[in-house]
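Shown next, in structure tokens, is the structure this report addresses.
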Amino acid sequence: MKIKKIIANNLYMIKCLLDIQASAIVGIIFVSVITTLIPVICNVVLLRYIINKLIIGNSLNKIFLVTIVVCVYILLTLIFSSLFKEYILPGAKERICSSILNRVNDKAVSLDISCYDNPLYYDELVWNMSAIEEKIDGIFDYLSKFPGYVANFILTSTVFTIIDKKLVILVLFTVFVTFIFNKPLAEANFNKENAIKSMRRKKQYIESVFKQYDYAQEIRLSNISSVLKREYNKNTKELQDVYRMKNKKVWIINFLQVFLSGYFMVNFVIVIYLGYQIIVKKNVNAGDFIAVFNGVNTLLSALYYLLGRFVTQIMESGYFIEKYRNFLSIEPSIKSGKKTINNGFQTLEFKNVSFSYNSKEEVLHRINFTIKRGEKIAIVGENGVGKSTLIKLVMRLYDVSAGQILLNGIDIREYDLVQYRKLMGVAFQNFQIYAAALGNNISGSVNYAPDRVMNVAKECGLYEIINKCVNGLETQMTKEFDDNGVILSGGEQQKIALARALYSNSELLILDEPSAALDPIAEQKLNKQLKNISNEKTVIYISHRLSSTVDADCIYVISNGQIVENGNHFKLLQKNGLYNKMWNFQAAKYVSNMGE
């Protein structure tokens, strides 16, 4: 990456930080300057002043007054610095990191669901989310040092120039030695991080499995933990091998940079030159000698940081910020249209729709059907035939590969995406219960109408459960953050997913396996509730349990990505086809279970 791009990236991030909390950034720079100048003022300027004044016999009162002024400066600086670093800065850093991370989260939410089919996307997302706090700390670090070291360099160089200009030239010579190692060092560090990002993601995944409640029971009742441990240990070894290989190069570059630019120049060249000036030329008096002796390490530290560590930091930050900016620049392929939906839901038509996830194998092939307002239709079939994929196309989580989906006769891609999706209330098959209040879980929002939540809770059979909870709708779900949190059964959780779909009061209700976690009696009760709830709504059922679809106006049977049968329950039984076979198989299973 070119230096110009690296600088532009760092300036971009600094601007972002200023936009979020300018006062904190200004405070960091101010504290950096006033604190870094303390050793230069004390060990170089003040000490040189005191010794030179004593040699020429100046009044002690004047020396004492100057010393008091410096002490007051140091005291005030330490008080302000401590107050800022311990009281103000931690909260500001937390706000800044959260704001930057929220931009990543918002971008992730805006991107196509298809991104999650790509491991590289996961790597980039995890890279950004896991590295942000560390990299922001790095930017804070150089913002808290760079201004101070610049001030340090200017003040010390001024003193050295007054004493002997050649001293500054000797010190500046170390800059070249330091600088030539910066770019390869930054690149080596970046390449190391890039090589291990996918390994870290795998390691973090395995670590999270052992921590999550959802996996706890299976881990204890099976030997899957041995598989995970094997993969974890294998991954750890791979990480160690990469670290060993990559860190060797980093160590060599770093050693050469520190040794040649720092120790060699300070302990050999400059010491010899000072000795020559003192003993042979006698150009340096006691005060100047002590000022140079104390100041040379201070000046070298400033230069070593400014043209060594600082350059490395901005280069490393530049690479990271580039990935951050690239992630934020990703544009979704699911584009919003501009048309508004004026007449609500009237019809939804699949017209020769085909779809494939990978452009190779079609999951759906030439699907044709129409849903009219108020109809209850069911999509059934065996697992993996494309039922849920079809619903994802309706919701525009994916766009069709061929054909069209028409809402009220207009291609759904022409409608405003947000307005279009508001037409739908969806109960997903793989729904989630969040570590949040029960009311938030049902409404799916921060601010909700309690009366409406309670109404849909009654409709879904959750009313008694809520009444049993001490805090009602404010009861926390799961024990992730609250020891008093409630863990619901699978059937109760499914009712929350259904209530969540109903709360939106949408015209189109999509139910993906709504009774999957329920026993037959609870399923029958839910079916009755759904029939009452959805009287005025258009409903799409996705199910492989056919007892949920008996009352549908039309049932579409999918096999191998195609609609092979359609009609109501009784017509399909008469056709003696796949639906009939599935129905009889499931009915026999229920009868068998009842006999047992």
Under 6.0 Å from the [atom1] atom of [X], do we count more than 12 heavy atoms belonging to anything else shown?
{"X": "K479", "atom1": "NZ", "answer": "yes"}
{"X": "E231", "atom1": "CD", "answer": "yes"}
{"X": "R366", "atom1": "CZ", "answer": "no"}
{"X": "K575", "atom1": "NZ", "answer": "yes"}
{"X": "N560", "atom1": "CG", "answer": "no"}
{"X": "Y12", "atom1": "OH", "answer": "yes"}
{"X": "Q404", "atom1": "CD", "answer": "yes"}
{"X": "K468", "atom1": "NZ", "answer": "no"}

Mind checking what makes side chain to side chain donor-acceptor pair (under 3.5 Å) contact with [X], not counting sequence neighbours?
{"X": "Y232", "result": "E207"}
{"X": "R421", "result": "none"}
{"X": "K15", "result": "D19"}

The ring-ring contact (aromatic ring centres under 6.0 Å, His included) partners of H365 (sequence neighbours excluded) come to none

The complete set of ring pair (Phe, Tyr, Trp, His ring centres under 6.0 Å) pairs with one or both residues in residues 435-454, sequence neighbours excluded, reads none

Looking at K5 and E322, does any basic side-chain N land under 4.0 Å from a carboxylate oxygen? yes

* Apply the test side-chain hydrogen bond (donor to acceptor under 3.5 Å, both in side chains) to residues D106 and N102: give CA-CA distance (whole Å), side-chain angles for both, the deciding distance (0.1 Å), then the verdict. => CA-CA 6 Å; D106 291 341; N102 277 334; over 6 Å; no

Quick one: does any side-chain atom of [X] pair with a main-chain N or O of [Y] as donor and acceptor, under 3.5 Å?
{"X": "N408", "Y": "G344", "answer": "yes"}
{"X": "S99", "Y": "I20", "answer": "no"}
{"X": "K203", "Y": "T236", "answer": "no"}

task = Using the six-membered ring of Y415, assess whether NZ or CZ of K339 lies under 6.0 Å from its centre and within 45 degrees of the ring axis.
result = no

Contacts of F428 meeting side chain to side chain contact (heavy atoms under 4.5 Å, CB included) (sequence neighbours excluded), chain-then-number -> M395, V426

Could you tell me how the ring of F355 sits relative to the ring of Y357: parallel (under 30°), tilted (30 to 60°) or perpendicular (over 60°)?
-> perpendicular

Taking side chain as C-beta onward, heavy atoms only, is S354 less than 4.5 Å from I367? no

